[in-house]
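Accompanying notes for the structure given below.
Computation of the quantities below employed the complete heavy-atom set of this structure, encompassing side-chain atoms and omitting hydrogens, waters and symmetry-equivalent molecules. None of the values given here were measured: they were computed from a predicted structure.
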Amino acid sequence: MSAHFSKVDPSAMIIWLAPLTLFAARLLWQRMPGLGTCALFWGIAAASLLLGSSVGPSLLLLGAGIACNAAVTLANGGFMPVSAHWRRKGPARSLWVQRQSGQRLLFLADNFGNRFIRFSVGDVFLAIGIVMSFFGF
């Protein structure tokens with residue numbers, strides 16, 4: 001008897017592999033914030049977007065969101081500066097850190113929102129891109 005092996009469609013594999021890999025990289029970055037884990041996460045995010053999407057308005061917005069958030073976090077050693085109403089003392093235990101004057105690309109940091117939720121320009125691009133892709137744009 002011969003075994004029957006069906007061919008696996010690579011695009012179908014990417015549909016499942018990309019989100020799982022991205023989720024794992026995000027957890028790693030959250031648990032061990034730093035430049036290396038940040039670069040790994042954004043690299044996987046960009047590759048997932050380019051490999052799994054067709055060109056359209058949603059792809060451009062998602063790419064812009066990834067580029068904005070990647071730029072600010074990579075420029076700040078793997079941490080996202082946050083403009084907040086509170087100050088945290090001591091070392092960073094998260095990938096979000098209090099915004100300070102010496103940090104880079106602060107116009108792309110988490111500057112908007114209220115005391116409960118903060119978001120950035122990149123987050124807005126990502127949210128709009130996700131909604132547009134959901135509706136087929």
Side-chain angles (χ1 to χ4, degrees):
M1 296 183 104
S2 65
H4 177 354
F5 294 101
S6 63
K7 291 189 176 187
V8 176
D9 180 17
S11 63
M13 203 163 71
I14 288 173
I15 289 171
W16 293 104
L17 187 59
L20 291 175
T21 308
L22 190 63
F23 181 72
R26 173 72 171 141
L27 285 178
L28 181 65
W29 183 25
Q30 185 69 34
R31 299 279 295 154
M32 298 172 27
L35 190 57
T37 53
C38 175
L40 177 68
F41 173 76
W42 290 119
I44 292 170
S48 298
L49 181 67
L50 294 174
L51 293 175
S53 301
S54 59
V55 177
S58 62
L59 177 74
L60 296 175
L61 286 166
L62 290 168
I66 288 172
C68 288
N69 286 344
V72 68
T73 52
L74 290 169
N76 289 291
F79 297 93
M80 173 61 91
V82 178
S83 172
H85 299 289
W86 51 270
R87 284 207 175 265
R88 181 179 197 159
K89 304 231 185 225
R93 293 184 208 146
S94 170
L95 60 100
W96 294 277
V97 295
Q98 178 69 38
R99 178 182 166 151
Q100 298 173 4
S101 63
Q103 294 166 326
R104 296 178 180 99
L105 301 176
L106 290 176
F107 65 97
L108 295 175
D110 284 349
N111 294 317
F112 309 101
N114 57 36
R115 66 181 204 176
F116 301 109
I117 186 168
R118 305 300 294 173
F119 59 92
S120 66
V121 171
D123 296 337
V124 172
F125 286 143
L126 288 169
I128 294 170
I130 289 168
V131 169
M132 287 181 69
S133 66
F134 181 74
F135 288 110
F137 295 104

- Task: Begin from the C-alpha positions of F79 and L35 and carry the test side-chain contact (heavy atoms from CB on, under 4.5 Å) through to its verdict.
- Result: CA-CA 8 Å; F79 297 93; L35 190 57; over 6 Å; no
If hydrophobic clusters are built by linking Ile, Leu, Val, Met, Phe, Trp and Tyr wherever their side-chain heavy atoms come under 4.5 Å apart, do [X] and [Y] end up in the same one?
X: L49; Y: I130; answer: yes
X: V124; Y: F137; answer: yes
X: V131; Y: F119; answer: yes
X: F135; Y: F125; answer: yes
X: F134; Y: L61; answer: yes

If the test is side-chain contact (heavy atoms from CB on, under 4.5 Å), which one of T73, V72, L74 qualifies with L105?
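Looking at T73, V72, L74, the match for L105 under the side-chain contact (heavy atoms from CB on, under 4.5 Å) is V72.
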Separation of [Y] [atom2] from [X] [atom1] (nearest 0.5 Å):
X: M32; Y: L27; atom1: CE; atom2: CG; result: 12.0 Å
X: I128; Y: S133; atom1: CD1; atom2: OG; result: 12.0 Å
X: Q103; Y: R99; atom1: CD; atom2: CZ; result: 8.0 Å
X: R118; Y: M80; atom1: CZ; atom2: CE; result: 12.0 Å

Is there a donor-acceptor pair closer than 3.5 Å between any side-chain N or O of N111 and the backbone N or O of V82?
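Checking the backbone N and O of V82 against the side chain of N111, no donor-acceptor pair under 3.5 Å is found.
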Given 3.5 Å as the limit, does a donor-acceptor pair link the side chain of W29 with the main chain of W42, or not?
no
Minimal non-hydrogen separation, [X] against [Y], with atom names:
X: C38; Y: G78; result: CB-CA, 3.6 Å
X: G129; Y: S58; result: O-CB, 3.5 Å
X: I44; Y: A25; result: CD1-CB, 3.7 Å
X: L126; Y: G65; result: CG-CA, 3.8 Å

Pair N69-S120, side-chain donor/acceptor within less than 3.5 Å: yes
Do the non-hydrogen side-chain atoms of [X] and [Y] ever get within less than 4.5 Å of each other?
X: L106; Y: P81; value: yes
X: L28; Y: F41; value: no
X: R104; Y: N76; value: yes
X: L95; Y: R31; value: no

Practice task
Answer yes or no: does atom CG of L20 have more than 12 heavy-atom neighbours from other residues, nucleotides or ligands under 6.0 Å?
Solution key: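 Above 12, so yes.
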